[in-house]
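Down below is the structure, laid out as structure tokens.
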Amino acid sequence: MVTEDTSCCRCCCSFIFTLGLTALFLWLNLKTNNPTCSIENFDVFVLNKTAPNFIIKNNHTIRYDLKLNNKNNKDKGIYYDTLNLTFYHKPNTSLITLGNATFDPFYQGHEKSTHRINTLDARGVKWENATAVTAKFRVELNTSVRFKIVFWKTKRRRLELGADLEVNDQGSLVKKKKKGVKLTSGATNNKGCYFELLPYLSVFILFCFW
Ligand SMILES: *[C@@H]1O[C@H](CO)[C@@H](O)[C@H](O)[C@H]1NC(C)=O
Ligand SMILES: *[C@@H]1O[C@H](CO)[C@@H](O)[C@H](O)[C@H]1NC(C)=O
Ligand SMILES: *[C@@H]1O[C@H](CO)[C@@H](O)[C@H](O)[C@H]1NC(C)=O
Ligand SMILES: *[C@@H]1O[C@H](CO)[C@@H](O)[C@H](O)[C@H]1NC(C)=O
Ligand SMILES: *[C@@H]1O[C@H](CO)[C@@H](O)[C@H](O)[C@H]1NC(C)=O
Ligand SMILES: *[C@@H]1O[C@H](CO)[C@@H](O)[C@H](O)[C@H]1NC(C)=O
Ligand SMILES: *[C@@H]1O[C@H](CO)[C@@H](O)[C@H](O)[C@H]1NC(C)=O
């Protein structure tokens, strides 16, 4: 009788232990974090007051460097949908569209980062009277992402981010501590947990312990 009791207790203990491990495993695997998106460089050549006038006078090129970093997920890849980027000039409180860009869908492995470097032609802007020491701009990014968890793909999650940019009198981006400017979301929910995968995982785990 006594031996049966202890074996039952042991069984119960190991059951609880397994349950705990499973919960930990689920939590680690279903938690997802959005990628970090930042503007690393933003050169507005026409605003470069240190460059000789004849070089920059009619140069309406803006060159930017967008960085997408999947550093917040230890073991999840990210599938990006088509990514839309729009740049605005912000002479006052109103926004004037400078241009936009579209980047093709792609996959990014875990702990990988990538850059999208491109130019846009800001011919429409009246630069003559941009006399302020720092000129203000805004960038907005729209896309959807799916996360790769082991061999599942999660549902699409929309990513709508933006940031204000400032350009100094040498035509380059004002950075804090030499870091790029991070794009942030108006919404607060940057993290997600994919409970839609729970049924699959439970079946998977049941099979493992059968
Ligand atoms: C501005 O002009 C200076 C002098 O020609 C040059 O060294 C600098 O790289 C220019 N800045 C940008 C953003 O091109
Ligand atoms: C503007 O200047 C930059 C840097 O010197 C150069 O790469 C770019 O081609 C120029 N654009 C035009 C339209 O001349
Ligand atoms: C992103 O989506 C929001 C809401 O749908 C929209 O207001 C904004 O103009 C979009 N921006 C870009 C760059 O597509
Ligand atoms: C902001 O600046 C633009 C371009 O200079 C001008 O057309 C617009 O009227 C200004 N808006 C306000 C609210 O001052
Ligand atoms: C992007 O720019 C093109 C050409 O200027 C314009 O037709 C299109 O509507 C813009 N798209 C967005 C999302 O702003
Ligand atoms: C720029 O400033 C000059 C002199 O103040 C003025 O004559 C001109 O209309 C202004 N241009 C624009 C686009 O505001
Ligand atoms: C990106 O822009 C294209 C064309 O303007 C539009 O069809 C698409 O829905 C946009 N995507 C997002 C995520 O805003």
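Each ligand, and each atom within it, is numbered from 1 in the order the structure gives. Keep in mind that the numbers below use all heavy atoms, side chains included, and drop hydrogens, waters and symmetry copies. Positions are given from 1, in the same order as the sequence printed here.
Annotation: Thr61 places an N or O atom under 3.5 Å from an N or O atom of ligand 2; distance criterion only.
Among Leu161, Leu159, Thr36, the single residue meeting the side chain to side chain contact (heavy atoms under 4.5 Å, CB included) criterion with Leu183 is Leu161.
Between the choices Glu140, Glu160, Arg158, the shortest heavy-atom distance to atom 4 (C) of ligand 3 belongs to Glu160. Across the listed options Thr119, Asp121, Asn48, Asn59, Asn59 owns the non-hydrogen atom lying nearest to atom 2 (O) of ligand 2. Ranked by closest heavy atom to atom 12 (C) of ligand 3, the top entry among Thr143, Asn142, Asn84 is Asn142.
A ring-centre distance under 6.0 Å is not found for Phe137 and Tyr88. Side-chain rings of Phe147 and Tyr79 stay apart, their centers remaining 6.0 Å or farther from each other.
Lys175 places a side-chain N or O within 3.5 Å of a backbone atom of Glu40 that can act as its donor or acceptor partner.
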